[in-house]
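These numbers come from the heavy atoms of this one structure, side chains and all, not from hydrogens, waters or symmetry mates. The chains referred to below are lettered A, B, ... by the order of the sequence lines, with proteins before strands, and numbering in each begins at 1.
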Amino acid sequence: MGSASSVLTQYDIEEVEEHCDHLFTQQEIVSLYERFCQLDKNAKGFISADEFLSVPEFALNPLSHRLLKMVDGLNFKDFVAFLSAFSSKPTLPQKIEIIFKVYDTDCNGKVTFSDLIEVLHDLTGSFMSDKQREEVLSQLLHEAGYTKESSLLFNDFVKILDSPGLKMEVEVPVD
Amino acid sequence: MSKLNKSNSELDLDRPNIEDYLPSGSLQDSHPKLRLRDLLDISPTLTEAAGAIVDDSFTRCFKSNPPEPWNWNVYLFPLWCLGVVVRYGVLFPLRAIVLTTGWIIFLSCYFPVHFLLKGHDKLRKRLERGLVELICSFFVASWTGVVKYHGPRPSMRPKQVFVANHTSMIDFIILEQMTAFAVIMQKHPGWVGLLQSTILESLGCIWFNRSESKDREIVARKLREHVNGADNNPLLIFPEGTCVNNHYTVMFKKGAFELGCTVCPIAIKYNKIFVDAFWNSRKQSFTTHLLQLMTSWAVVCDVWYLEPQNLKPGETPIEFAERVRDIISVRAGLKKVPWDGYLKYSRPSPKLRERKQQSFAESVLRHLEQK
């Protein structure tokens, strides 16, 4: 388990930086590599679902299985690209893209009423009844000018989530 | 916590308010009216999840930080090489001889004492205690252990237990050379297990098995019996339940704190300049760990025997455990984390996730009612 920068060359770091649109600094990429190697216990080149779930703070998050689908089995380059939405520099649409992907489980570019209900179910568990969830969502959709049957597109999300800005930043510990 | 149920198979019985440590995912209270945006905005929850992927306090507890490599320049490298030669070629053989001598002396005294003095229990026990302290001193000498003990030495009184933070099995040896404790330990395989079943058994040690859920009740009973016996060796418990890397403490299991006796905290801190004493049991066997210690320069540590604590009126065992963990962490300069050490071996209970869901659901319903 030697120091990370001896395994990651300068070329690798620059390639990863390029791949994530320069949203992480080179130092942050080195730290992320150390973390990647720490989670990838048998140096397979990717982190399995089980290894993600061995982080208790991640396992108890209500949306962990949705993120897991997006991050399971990624190699380091794609891992960094995924996390770049949580860095300090992405634009609002870049941040909203990840939120949209979490909702759009069948990846068809449309978020339907049932998709919304499912995510709300993850967040509230058994502490709200299905009826309550449906009621709240229909009401709020109606107030925002949509109906139960309308599917939300990416641009709708941008419109709804625009004000007053999305705070979605994760700090990468740099030693 | 009023919500704890008494089921013995749950791992999170020992956990107080984890919400105090983790951020909650409830809605902002500044906007009285609930809007679509508030429900659609899952960014706080996603940020927490991504934050956990990037860095989390639990994994940090078990990370052995390798010391900064200092031997990379042309002057220091030969010095380091010389050091390696001295450590492996001179110190290690000397230490191996010391340890072997110790074992020979110990075994040649222990077996006669154990078998010949079968009838004279009090004398036999005293001699056995002395012999165990002796072999532990030999062990400590074999790592060139420099241990500074602070505070009053433990006394043999009934109705008291000793608790300490746990970094490696050598914690036990270091404490044992001063006082012959009876310890509660995980049963190990191999030569360690053999030692456990023969010699440590005579000290009154208690074994447990992490993987058996019914074990907790049996062990709790054995603990109570031991503590109430006047003649038994003082009981040493490591309430963390697992080895942690000596920079953090994980949550203390409440078993030691609900026996109705005085708890005497002991804090142990190793000096990492000489060697990293953290035993990562998933990465090394105990034998490899010992060999690593025997080929380092020294094992330097501080042991503080702290003021005995009693359960305060109105305090639950869990609060008592947290209070003692606080005392030990402050003394040894360790940071506290809100995780159960057993999460190394299993997933967190769904209760924690449910608490987050509950707080979010309640916040949504509350905002709804405000219309």
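- Put simply, of A:Leu120, A:Asp122, A:Leu141, A:Leu53, the one with the most heavy-atom pairs under 4.5 Å next to chain B is A:Leu53.
- Only the side chain of A:Gln132 comes within less than 4.5 Å of a heavy atom of chain B; its backbone N, CA, C and O stay farther away.
- Neither side chain, A:Ser48 nor A:Asp50, offers a donor N or O lying under 3.5 Å from an acceptor on the other.
- For the set A:Leu63, A:Val172, A:Leu123, the count of heavy-atom pairs under 4.5 angstrom toward chain B peaks at A:Leu123.
- Below 30°, between 30° and 60°, or above 60°: for A:Phe52 and A:Phe79 the angle between ring planes is between 30° and 60°, a tilted geometry.
- A salt bridge between B:Glu240 and B:Arg325 is absent, with no side-chain N of the basic residue lying under 4.0 Å from a carboxylate O of the acidic one.
- The contact between A:Leu116 and chain B is made entirely by side chain atoms (from C-beta outward), counting heavy-atom distances below 4.5 Å.
- Using a 4.5 Å cut-off between heavy atoms, A:Glu171 contacts chain B through its backbone alone, with no side-chain atom that close.
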Could you check B:Arg60 against B:Asp56 for salt bridge (charged side-chain N to carboxylate O under 4.0 Å, His left out), going step by step and ending with a plain yes or no?
CA-CA 7 Å; B:Arg60 264 189 262 147; B:Asp56 76 294; over 6 Å; no
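- Among A:Ser54, A:Ser64, A:Ala144, the residue with the largest count of heavy-atom pairs under 4.5 Å with chain B is A:Ser54.
- In this structure, B:Phe62 has its ring center under 6.0 Å from that of B:Phe58.
- For B:Trp297 (side chain) and B:Gly83 (main-chain N/O), no donor-acceptor pair under 3.5 Å exists by modelled atom type.
- With a threshold of 4.5 angstrom between heavy atoms, A:Val102 approaches chain B through side-chain atoms but not through N, CA, C or O.
- Looking only at distances, a side-chain donor or acceptor of B:Arg353 sits under 3.5 Å from a matching main-chain atom of A:Ala59.
- Heavy-atom pairs under 4.5 Å with chain B peak, among A:Phe58, A:Tyr146, A:Phe82, A:Phe157, at A:Phe58.
- Interface residue B:Leu365: only side-chain heavy atoms are found under 4.5 Å from chain A.
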